[in-house]
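Following: one structure in structure tokens, then a few remarks.
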Amino acid sequence: MFDGRLVNGVSVLAAVVESGSFARAAEALGLTASGVSRAVARLESRIGVRLLDRTTRSLRLTDDGARFYEQVVPLLGGIEEAAAYAAGTTQAVRGRLRINVDPYFSRLILGPKLGVFLDRYPDLQIEVVTRNEIGDLVADGMDVAVRFGEIPAKSSLIARQLFRTRVITVAAPSYLAKHGTPKLPADLAYHTCIQYQDPLSGRPFEWELRRGKKVVPIETRGRVLVNDAGTTLATCLAGIGIAQVFSLGMEPYLKDGQLVDLYPDWPDETFPLHCFYPSRFHVPGKVRAFIDFCVEIIG
């Protein structure tokens, strides 16, 4: 079992040997000379060996003390080096970063930009795990997660909102050519809508349009229910139905005409994007760097 008092005693002994006196060791350690003397005496009692011969004018290591000192000082240096390295991880961006990421965000936003992040931090390795649910970050060994949606009510994780993306109602030109274009929100009740499953309830998310303080609930129908945003997008692009999707990542599809925004004058329905991490204390530099990068690529 690790004995912190033993390590402290060895540190005091090293200071005495290196400085050549109790007084100078006390000055270096911020202790009294009598405190240093007692620390060395406790160490000798703990290991059952006399380490120092001391007189009023001088002190020197005993033969046993010299052997002990030669064996433990390199280990003490290793502890100091490990502590310095660990402290540095709160600043340095290095090591392995394990990220739990929403599949939609990973595929359309993070994945295409990941090379920029890797080039920026050459001492970092990244493991990207895509999941529909956040799971248990600590048990799964994850450093950080990125998720759409509100903060879970009973979560002990630290959450930071990165962005609020618009929710837009879209269709492919092929669908509109075959079924016509809905003009009013109520017209959606007569069209095929691609339903998205709420992972908590198992039921389809309810649709609504929002403009300022005005909110219009939409009754929708459809034969397709999916639980993956990528499948929603692919199905909509294929002309199977109308979908509600995040505007984040949709710019290329809207710009080249693969999708049509049906209600651009109803722009105020939004959905949050959060990052989650285990603790607000001593957040590793690699986690802070990743969070800042996420803000950068969606800003």
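Just so it is clear, the structure is predicted and the values come from calculations on it, not from any experiment.
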Using atom types as modelled and distance alone, determine if a side-chain donor or acceptor of [X] lies under 3.5 Å from a backbone N or O of [Y].
{"X": "His274", "Y": "Gly149", "value": "yes"}
{"X": "Asp119", "Y": "Val116", "value": "no"}
{"X": "Arg98", "Y": "Asp140", "value": "yes"}
{"X": "Arg221", "Y": "Tyr190", "value": "yes"}
{"X": "Thr231", "Y": "Asn227", "value": "no"}
{"X": "Gln197", "Y": "Gly202", "value": "yes"}
{"X": "Asp53", "Y": "Thr62", "value": "no"}

Please work out which of the three classes, parallel, tilted or perpendicular, describes the rings of [Y] and [X], given edges at 30° and 60°.
{"X": "His191", "Y": "Tyr175", "answer": "tilted"}
{"X": "Phe117", "Y": "Tyr121", "answer": "perpendicular"}
{"X": "Phe148", "Y": "Tyr104", "answer": "perpendicular"}

Separation between CD1 of Ile126 and CG of Leu114, rounded to the nearest 0.5 Å:
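Ile126 atom CD1 to Leu114 atom CG measures 4.5 Å (nearest 0.5 Å).
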Please report, to 0.1 Å, the donor-acceptor pairs under 3.5 Å made by any side chain of residues 209-219, with sequence neighbours excluded.
| from | atom 1 | to | atom 2 | distance (Å) |
| --- | --- | --- | --- | --- |
| Arg210 | NE | Glu269 | OE1 | 3.1 |
| Arg210 | NH2 | Glu208 | OE2 | 2.9 |
| Arg211 | NH1 | Asp265 | O | 3.2 |

Heavy atoms only: give me the nearest [X]-[Y] pair and the separation to one decimal.
{"X": "Cys236", "Y": "Ala171", "answer": "SG-CA, 3.9 Å"}
{"X": "Gln195", "Y": "Phe205", "answer": "OE1-O, 4.3 Å"}
{"X": "Ala289", "Y": "Val93", "answer": "CB-CG2, 3.8 Å"}

Do Ser247 and Thr165 have side-chain N/O donor and acceptor atoms under 3.5 Å apart?
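Note: Ser247 and Thr165 side chains meet the donor-acceptor criterion.
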Between Lys286 and Asp123, does any NZ, NE, NH1 or NH2 come within less than 4.0 Å of an OD or OE carboxylate oxygen?
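Salt bridge between Asp123 and Lys286, a charged N being under 4.0 Å from a carboxylate O: no.
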